[in-house]
2 protein chains.
Amino acid sequence: MPDVKHFDADETLAAVELLFWRQGVTATGIQDIVSATRLSRSSLYNAFGSKEELYTAALERYLDRRSRPMFDRLASDDRGLPAIADFFDRLIRLRCSGRHAQWGCLISNAHTERPADSTRLLLDQHHAGLRAAFTAALEVAQGKGELRHGLDQAGAAETLTLLAYGVNLRSRSGARPEDLKAGIGTCLQALAAPSGRRKSTL
Amino acid sequence: MPDVKHFDADETLAAVELLFWRQGVTATGIQDIVSATRLSRSSLYNAFGSKEELYTAALERYLDRRSRPMFDRLASDDRGLPAIADFFDRLIRLRCSGRHAQWGCLISNAHTERPADSTRLLLDQHHAGLRAAFTAALEVAQGKGELRHGLDQAGAAETLTLLAYGVNLRSRSGARPEDLKAGIGTCLQALAAPSGRRKSTL
DNA sequence: CTTATCTTGGATTGGTCGTTCCAAGATAAG
DNA sequence: CTTATCTTGGAACGACCAATCCAAGATAAG
């Protein structure tokens with residue numbers, strides 16, 4: 001008896017995700033969403049509830065479809081330090097060029113836009129996921145003897161995580177990718193064992 | 001002939017600065033400002049122009065009265081690496097406890113809230129100022145032989161700057177100060193010369 | 001005191017916000 | 001085809017937005 005939905009919910013959510021990512025929550029009105037998705041307000045509210053729910057849904061989608069794949073790739077990359085360097089290379093390229101240049105990271109942006117809300121869980125999930133991926137990569141690097149003697153791995157994972165957030169933040173305001181790369185590169189060199197016979201190209 | 005102002009402009013700006021800092025620009029309405037300053041809309045617009053000008057004025061005030069003193073203290077601290085460690089200690093304490101706990105940094109927050117606007121100059125000034133302070137401190141540390149052999153100082157300054165932004169961002173969402181301290185401490189240890197005879201307490 | 005000029009408070013502007021409501025259209029089981 | 005139930009579009013809601021306007025109050029030079 002009932003009618004079926006006349007649109008693809010995930011396709012809609014993808015469009016909404018882009019809006020929130022680029023413009024932020026508060027700067028994005030329902031009218032913007034209506035225009036971008038070509039849906040009516042009724043369908044929107046019927047399918048997703050309130051704007052706040054729409055926002056958290058977009059955050060979840062971003063975490064699942066954008067962040068998590070990056071984390072997984074890093075965590076399962078068995079190259080050690082080069083894997084970490086590669087992660088940052090991709091990150092910086094993603095943040096400074098292409099379709100999403102200077103958009104920052106939707107989750108990082110949420111830190112500023114939605115403090116102490118229901119989004120906190122998502123933000124902590126993001127942080128924990130990224131940190132875990134770094135931890136895994138550092139573990140591999142440790143096994144290969146690439147790390148500086150006596151390095152605190154947990155601390156190093158936190159360091160790299162903070163650096164990633166720094167990249168996300170600064171890139172949104174048009175930081176030069178060379179500067180970001182220099183900052184990352186120097187830190188990775190510092191974490192690495194004194195370059196005896198290893199290649200200096202991290 | 002003319003009448004004089006019946007209120008202290010800087011005192012007003014200080015109150016506005018706090019509002020924007022805690023709540024963000026978009027979440028702060030003119031009504032909030034009227035209530036907090038106990039001024040009328042007329043006086044406000046007459047003295048500062050638009051909300052946007054009020055915001056940039058608040059940013060400038062923050063940069064002058066909050067950020068710059070921290071930068072100057074760091075730049076003129078001749079202790080080397082301990083000066084840098086002390087800077088981060090103060091920063092983390094400021095961000096995680098006291099009256100402004102979990103407010104983040106007004107300038108860092110502006111990265112997310114106002115992209116590609118007239119604020120860009122302010123944001124770049126902030127970045128340059130912080131980076132210059134780190135550079136000065138690293139120079140001293142270098143002179144004392146505290147730094148790892150062959151360390152790129154410019155790169156290290158950028159690293160530390162990115163870390164500071166990471167602290168600012170994560171602290172706004174309630175990051176644990178111990179985690180932040182661990183991340184910073186490990187990085188500073190990595191930048192330091194292999195601890196031969198030096199104290200391990202950075 | 002007069003008077004020109006500024007400041008101040010409060011009402012008000014047009015616009016946009018997120019959300020709700022309702023009638024019309026679409027759907028598929030019976 | 002009938003009919004119950006969903007979806008859809010568009011109008012409408014009150015609340016709030018930034019900003020303006022104007023009359024009343026304050027000020028200080030002449």
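Throughout, a chain's letter reflects where its sequence line sits, starting with A, and its residues are numbered from 1. Everything quoted here is computed from the prediction, not taken from an experiment.
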Self-check item: Polar side-chain atom of B:Lys181 near backbone of B:Phe88 as donor-acceptor pair, under 3.5 Å
Solution: no
Quiz item: Hey, is the side chain of B:Ser43 poking within less than 4.0 Å of OP1 or OP2 on C:dT7, counting only N and O atoms?
Solution: no
Quiz item: How close or far is atom P of C:dT7 from atom CZ of B:Phe48, stated in whole angstroms?
Solution: 12 Å
Quiz item: Over how many whole Å does the gap from A:Asn46 atom CG to D:dC6 atom P extend?
Solution: 10 Å
Practice problem: For B:Arg148 and A:Gln189, indicate whether the former's side chain and the latter's backbone hold a donor-acceptor pair under 3.5 Å. | Solution: yes
Exercise. With DNA chain C as reference, determine whether A:Val25 or B:Ser42 sits nearer its 5' end, using the nearest nucleotide of each.
Key: B:Ser42
Quiz item: Tell me, which pairs form a ring-ring contact (aromatic ring centres under 6.0 Å, His included) where one or both residues lie in residues 57-84 of chain A, sequence neighbours left out?
Solution: A:Trp21-A:Tyr62, A:Phe71-A:His126
Quiz prompt | A:Val25 backbone acceptor or donor facing A:Lys51 side chain under 3.5 Å | solution = yes
Quiz item: Near DNA chain C, under 4.0 Å by heavy atom, which residues of residues 49-61 of chain A?
Solution: A:Ser50, A:Lys51
Self-check item: Side-chain (B:Gln102) to main-chain (B:Ser173) donor-acceptor, under 3.5 angstrom
Solution: no
Quiz item: Is it true that a side-chain atom of B:Arg172 and a backbone atom of B:Arg22 form a donor plus acceptor pair closer than 3.5 Å?
Solution: yes
Quiz item: For the side chain of B:Glu53 and the backbone of B:Ser50, is there at least one donor-acceptor N/O pair under 3.5 Å apart?
Solution: yes
Self-check item: Any residue of residues 26-40 of chain A with a heavy atom less than 4.0 Å from an atom of DNA chain D
Solution: A:Ser40
Quiz item: For DNA chain C, which ranges pair as stems of 3 or more consecutive Watson-Crick or G-U pairs, with both donor-acceptor distances under 3.5 Å?
Solution: C:1-30 with D:1-30
Quiz item: Is a donor-acceptor pair below 3.5 Å formed from side chain B:Arg41 to base C:dT8, judging by atom type as modelled?
Solution: no
Quiz prompt | Plane angle bin for A:His127 and A:Tyr165 - parallel if under 30°, tilted between 30 and 60°, otherwise perpendicular | solution = parallel
Quiz prompt | Integer-rounded Å distance: C:dG10 P and B:Leu44 CG | solution = 14 Å
Self-check item: Whether A:Ser108 side chain and A:Gly104 backbone form a donor-acceptor pair below 3.5 Å
Solution: no
Contacts under 3.5 angstrom, residues 33-40 of chain B side chains, donor-acceptor by atom type, not counting sequence neighbours:
residue	atom	partner	partner atom	Å
B:Ser35	OG	B:Gln31	O	2.9
B:Ser35	OG	B:Gln31	NE2	3.2
B:Thr37	OG1	B:Ile33	O	2.7
B:Thr37	OG1	B:Leu39	N	3.3
B:Ser40	OG	B:Ser43	N	3.4
B:Ser40	OG	B:Ser43	OG	3.1

Contacts under 3.5 angstrom, residues 134-143 of chain A side chains, donor-acceptor by atom type, not counting sequence neighbours:
residue	atom	partner	partner atom	Å
A:Thr135	OG1	A:Arg131	O	2.8

Quiz item: So which nucleotide from D:dA18, D:dT8, C:dT8 ends up closest to the side chain of B:Phe7?
Solution: C:dT8
